[in-house]
Amino acid sequence: MPARRPRTVRTRVPTRRLPRRPAPNAAIISALERIESAGGAAAVEAAPHKSIEVSHLDKVFFPDAGVTKGDVMRYYVRVAKYILPAIADRPLVLKRTPEGVNGELFFQQNAPDDVPDGVRVDNVAAQGEPQCRFVGGDLPTLLHLVQLGCISLDPWMSRIGSLDHPDYSIIDLDPGPGASFKLVARVALWVREALDELGLRAVPKTSGSRGIHIAIPLPRSTSYQDSIATAKAAAARVVDLHPRQATVERALENRPRGTVYVDCLQNSRGKSVAAAYAVRAKPDATVSAPLTWDEVVESLDPREFTVRTMPARVEQHGDLWREGLKHGNSASVIRAIATPGGKPRASAGKK
DNA sequence: GCTGATT
DNA sequence: AATCAGCAACGCGAC
DNA sequence: GTCGCG
């Protein structure tokens, strides 16, 4: 078969001679580098006309990996295009380690009465009085949080304006002692099969250490209760079929050795799971990395995804997370799963 | 990392 | 002027 | 009810 004749005269468009388009946010990254070298404190223009005060950027946050506070900030600037949509409009639970990952850890939900200009907070009705909370979605806020010692970014499953309606449900696969990442990947694939049987789609990401998170996109106006019920239905099915590999038993001592804990109980109001693309406060500066299901089949090593390597991956791999969550699952399917009698299985107790 | 209270 | 404590939260199942 | 768990 005659190959299509290539154009004989290939007009060479001088793309290579055009000034290379600067990487997005290159100015912010170099500003952070300068501030780190100079030491001390300085303001960085994290968005047009939005300057954020940062300091001690040379403080080592990850002694093993040799990653500084400045490195963490620059990582987030590099992946901003991807992580900001993942936390946009979501209240954030702060997990703070101002002295680095080996230092003391504390949690914080409430934001102080006044925060620097450009940092987003909003009122969130917890129980009783509304509380002021940090809300994700913009770079100035994100850099301020790292400045405060937040390494991970942990958003609610629901957003400002619909705080009672999560838009995804998380199944957290957590390998117990003696369980390999490969086994986690196998369990993840079983969860996918169980969800498929139920008529649901989901997307995986590494948890940032040895686990996998599976996010099930939820239709509008799903309640937290139904979110939990949905995750439980899939988990129960997997444990039913593979009791030697998977368990829903929370008590550590009751878990068979070498099993993967299938945790569905993160899906309630006010709880949070590390965002896709977030750095985790573990010694090796790993990152919660969105995966394709094909990659789960390949059982990649999660340690491949670190503060240093993620930006390149993200650049090639595109916005896996946003794409994956686009597919809305059916409201009637969720309702059927969550309604007692509709699909008996998970919550046999309760009345 | 920072605030507000205590010495 | 230095020191120091606080900085979240909730459902679940086993006892 | 309280405890341990995440």
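Below, all heavy atoms of this structure are taken into account, side chains as well, without hydrogens, waters or symmetry copies. Below, read A as the first sequence line, B as the second, and so on, with proteins coming before strands; counting in each chain starts at 1.
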List the atom pairs, donor and acceptor, that lie under 3.5 Å between side-chain atoms in residues 173-194 of chain A and the rest of the protein, sequence neighbours left out.
unit_1	atom_1	unit_2	atom_2	d
Ser180(A)	OG	Lys182(A)	N	3.4
Ser180(A)	OG	Leu183(A)	N	3.1

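- The ring pair (Phe, Tyr, Trp, His ring centres under 6.0 Å) contacts involving residues 21-61 of chain A comprise nothing, where partners must be two or more places apart or lie in separate chains.
- For Pro243(A), there are no side-chain contact (heavy atoms from CB on, under 4.5 Å) partners at least two apart in sequence or on another chain.
- When the P atom is compared between dC7(C) and dG6(D), the two are found 23 Å apart, to the nearest whole Å.
- Remark: the backbone N or O of Asp226(A) is paired with a side-chain donor or acceptor of Thr230(A) at under 3.5 angstrom.
- Along DNA chain B, the stretch of nucleotides lying under 4.0 Å from any heavy atom of chain A spans, 5' to 3', dG1(B) to dC2(B).
- Heavy atoms of other residues, nucleotides or ligands lying less than 6.0 angstrom from CD of Glu304(A) number more than 12.
- Contacts of residues 136-153 of chain A with DNA chain B (heavy atom under 4.0 Å): Gln147(A), Leu148(A).
- Residues Ile170(A) and Ile216(A) form no side-chain contact, since every pair of their non-hydrogen atoms from C-beta on lies 4.5 Å or further apart.
- Taking atom CD on Gln266(A) and atom P on dC12(C), their separation rounds to 13 Å, with Å as the unit.
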Exercise for review: Apply salt bridge (Lys or Arg N to Asp or Glu O under 4.0 Å) to the pair Arg308(A) and Asp71(A), showing each step before the final yes or no.
Suggested key: CA-CA 8 Å; Arg308(A) 306 242 194 246; Asp71(A) 289 325; 3.6 Å; yes
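- Among residue pairs with one or both ends in residues 193-232 of chain A, none qualify as ring pair (Phe, Tyr, Trp, His ring centres under 6.0 Å); sequence neighbours excluded.
- Residue pairs meeting the side-chain hydrogen bond (donor to acceptor under 3.5 Å, both in side chains) criterion with at least one partner in residues 326-335 of chain A, sequence neighbours excluded, are Glu323(A)-Lys326(A), Ser330(A)-Ser332(A).
- Of the options Asp138(A), Val77(A), Val119(A), a side-chain contact (heavy atoms from CB on, under 4.5 Å) to Leu143(A) is made by Val77(A) and by none of the others.
- Residues from residues 91-112 of chain A with heavy atoms under 4.0 angstrom of DNA chain B, sorted by number: Arg96(A), Pro98(A), Glu99(A), Phe106(A).
- When the P atom of dA9(C) is taken as reference, atom CG of Asp154(A) falls 15 Å away, rounded to whole Å.
- The stretch residues 276-288 of chain A does not touch DNA chain B, since none of its heavy atoms comes less than 4.0 Å from the strand.
- Side chains of Gln266(A) and Asp172(A): no donor on one and acceptor on the other come within 3.5 Å.
- Judged purely by atom type and a 3.5 angstrom limit, Lys50(A) has no side-chain atom pairing as donor or acceptor with the backbone of Leu139(A).
- Checking the phosphate oxygens (OP1, OP2) of dA8(C), no side-chain nitrogen or oxygen of Arg269(A) falls inside 4.0 Å.
- By the rule that hydrophobic residues join a cluster once side-chain heavy atoms approach within less than 4.5 Å of another member, Leu195(A) and Val296(A) end up as members of one cluster.
- Contacts of residues 58-76 of chain A with DNA chain B (heavy atom under 4.0 Å): Lys59(A), Lys69(A).
- When rounded to the nearest whole Å, the span between OH of Tyr224(A) and C1' of dG11(C) equals 14 Å.
- Between Lys69(A) and Asp58(A), none of the side-chain N atoms (NZ, or NE/NH1/NH2) sits under 4.0 Å from a carboxylate O, so this pair counts as no salt bridge.
- Between Asn254(A) and Gly270(A), the one whose closest nucleotide on DNA chain C sits nearer the 5' end is Gly270(A).
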Which protein N or O atoms sit under 3.5 Å from an N or O of nucleotides 3-5 of chain D?
unit_1	atom_1	unit_2	atom_2	d
dG4(D)	N2	Arg250(A)	NH1	3.0

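- Residue Glu53(A) places its CD atom among more than 12 non-hydrogen atoms of other residues, nucleotides or ligands, all under 6.0 Å distant.
- Across every non-hydrogen atom of Arg313(A) and Pro290(A), the tightest pair is NH2-O, 2.6 Å.
- Remark: the backbone N or O of Leu163(A) is paired with a side-chain donor or acceptor of Ser158(A) at under 3.5 angstrom.
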Check: residues 253-265 of chain A side-chain donor-acceptor pairs under 3.5 Å, at least two apart:
unit_1	atom_1	unit_2	atom_2	d
Arg255(A)	NE	Glu249(A)	O	2.8
Arg255(A)	NH2	Arg250(A)	O	2.9
Thr259(A)	OG1	Pro256(A)	O	2.6
Asp263(A)	OD1	Leu265(A)	N	2.9

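- Straight-line distance from the CG atom of Asp263(A) to the P atom of dG13(C): 12 Å, rounded to whole Å.
- For the P atoms, the distance linking dA8(C) with dC5(D) amounts to 23 Å, nearest Å.
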